[in-house]
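Scroll down for the structure; my scribbles are underneath it.
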2 protein chains.
Amino acid sequence: MATEAFAARGYNKASLAEIADVAGVTQAGVLHHFRSKAQLLTSVLDLRDATDIEQLGPERPRGLAFLRHLVDTARRNTEREGIVRLYAVLSAESVTDDHPAQEYFRARYAGLRAMVADALAEACELGELPAATDLRDAANAIIAVMDGLQVQWLLAPAEVDMAASTDRVLGAVLAGLGHRG
Amino acid sequence: MATEAFAARGYNKASLAEIADVAGVTQAGVLHHFRSKAQLLTSVLDLRDATDIEQLGPERPRGLAFLRHLVDTARRNTEREGIVRLYAVLSAESVTDDHPAQEYFRARYAGLRAMVADALAEACELGELPAATDLRDAANAIIAVMDGLQVQWLLAPAEVDMAASTDRVLGAVLAGLGHRG
DNA sequence: GTCTATATTTGGATAGAC
DNA sequence: GTCTATCCAAATATAGAC
């Protein structure tokens, strides 16, 4: 599948021939369904989004519960190296000039930022956390830890405990919220 | 220069022709000095390391001072988009199959982990911080925040304050050290 | 040490038959 | 909808002249 190829080699090095081979069709066959390689990539990313949303369901937890859920995500990711690699590789590759997934990741991070910042704000409103400002910086940091850990973990799984590190940062940032902002 | 090309397009998409063009020589001229494209990449990375080490000098701060210095690094990085992009793109690209910089980044992260973990341990010994265990997870997390913020910042500079987010996480993790491990 | 020229491979994409 | 065949462009690398 195209997902595996993009995860294993990145967008630039993955070839349509290889993807077609695994799919059991010819390269021309792939391009019949997807206008171009770039469109195949965006389709792969959109498909993954749809899968993840479906799996999450509409009952998204609120406030502190949502934030705690991020640690579970980190833990579950340990069992999904393919997906982790896909996002780790493509998100960084997307910052290169004219990358076809650049807008996708811009939008994705904007959405993630909003979700985490909202969860922080909700937690404050619900009284789960002390009122605080600069929630944006905290939200960005929480997202960043999870992303950064993935790269380290892919390179050296034995040296990195994604769930433990995520848990530590999350706990520390939440505990520190009142003292700073 | 090759550095700019690899930063702007990643290793796979950057071409020797483009690099040679900017350098004012032919493609064959480049390959006379570097056996292959892969060797050119490792040369670029080694050169950058040498530059950074030279700039840092041998008087590396210890303990808490070293950790605080990381915030300054994050702030200074705001003025060095090229370098930030180079490492953000290549570090993630390096997790792909048979990437020529894979060993380089494995070693780099091992070194970073050791440095940050040592600084944490030193801070505990010096009494700057309460004694704590699981410094490895904390060190990994601190490195991860800085890396993750870079990708977000490259995609949306206006939305990300690398220094502020680094500072928040660092402060929170240090403050939380005693309570957990 | 840098060039020209070229070998060799591979990539994405298109046209048209079936 | 999938194939074969082909085009065209671009890439890395090498050989040999100057």
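Letters A, B, ... mirror the listed sequences (proteins, then strands); counts begin at 1. Keep in mind that what you see is a predicted model, and the values were worked out from it rather than measured.
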Q) How close or far is atom C1' of C:dT10 from atom NZ of A:K37, stated in whole angstroms? A) 11 Å
Q: For the residue pair A:W153 and A:T78, establish whether any side-chain heavy-atom pair is separated by less than 4.5 Å.
A: yes
(Q) OP1 or OP2 of C:dT2 versus the side-chain N and O atoms of B:H33: is any pair under 4.0 Å? (A) yes
Q.
From CZ of A:F34 over to P of C:dT14, roughly how many Å is that when rounded to an integer?
A. 16 Å
Q: Check whether any side-chain N or O of A:S15 sits under 3.5 Å from a backbone N or O of A:E18 as a donor-acceptor pair, and report yes or no.
A: yes
Q | Separation of atom CG in B:L31 from atom P in C:dT8, rounded to whole Å | A | 18 Å
Q: Mind calculating the distance between OH (B:Y11) and P (D:dT12) to the nearest angstrom?
A: 8 Å
Q. When we call it a touch if two heavy atoms are under 4.0 Å apart, what does A:S15 touch: a base, just sugar-phosphate, or nothing?
A. sugar-phosphate
Q) Strictly by modelled atom types, are A:N140 and B:E159 linked by a side-chain donor-acceptor pair under 3.5 Å? A) no
Q | A:K13 NZ - C:dG11 P separation (whole Å) | A | 10 Å
Q: Can you sort out the partners of A:R35 under salt bridge (Lys or Arg N to Asp or Glu O under 4.0 Å), two or more places apart, ordered by chain and number?
A: none
Q. Hey, does the side-chain of B:Q27 have a donor or acceptor N/O within less than 3.5 Å of a partner on the base of D:dA11?
A. no
**Q.** B:F34 side, atom CZ; B:L41 side, atom CG - distance, nearest 0.5 Å
**A.** 11.0 Å
Q: Could you tell me whether the phosphate oxygens of C:dC3, OP1 or OP2, come under 4.0 Å of any side-chain nitrogen or oxygen in B:T26?
A: yes
Q: Please report, rounded to the nearest Å, how far the C1' atom of D:dT12 is from the CG atom of B:L16.
A: 7 Å
Q: Write down the distance between CG (A:D21) and C1' (C:dT10), rounded to a whole number of angstrom.
A: 14 Å
Q: Could you check whether B:A14 gets within reach of a base, just the sugar-phosphate, or nothing at all, counting any heavy atom under 4.0 Å?
A: sugar-phosphate
(Q) If I take atom CG in residue A:L41 and atom P in nucleotide C:dG12, what distance separates them, rounded to the nearest angstrom? (A) 12 Å
Q: Please tell me which of the listed nucleotides, C:dC3, D:dA5, D:dT2, lies nearest to the side chain of A:H32?
A: D:dT2
Q) Between C:dG11, C:dT4, D:dT4, which one does the side chain of A:A17 approach most closely? A) C:dG11
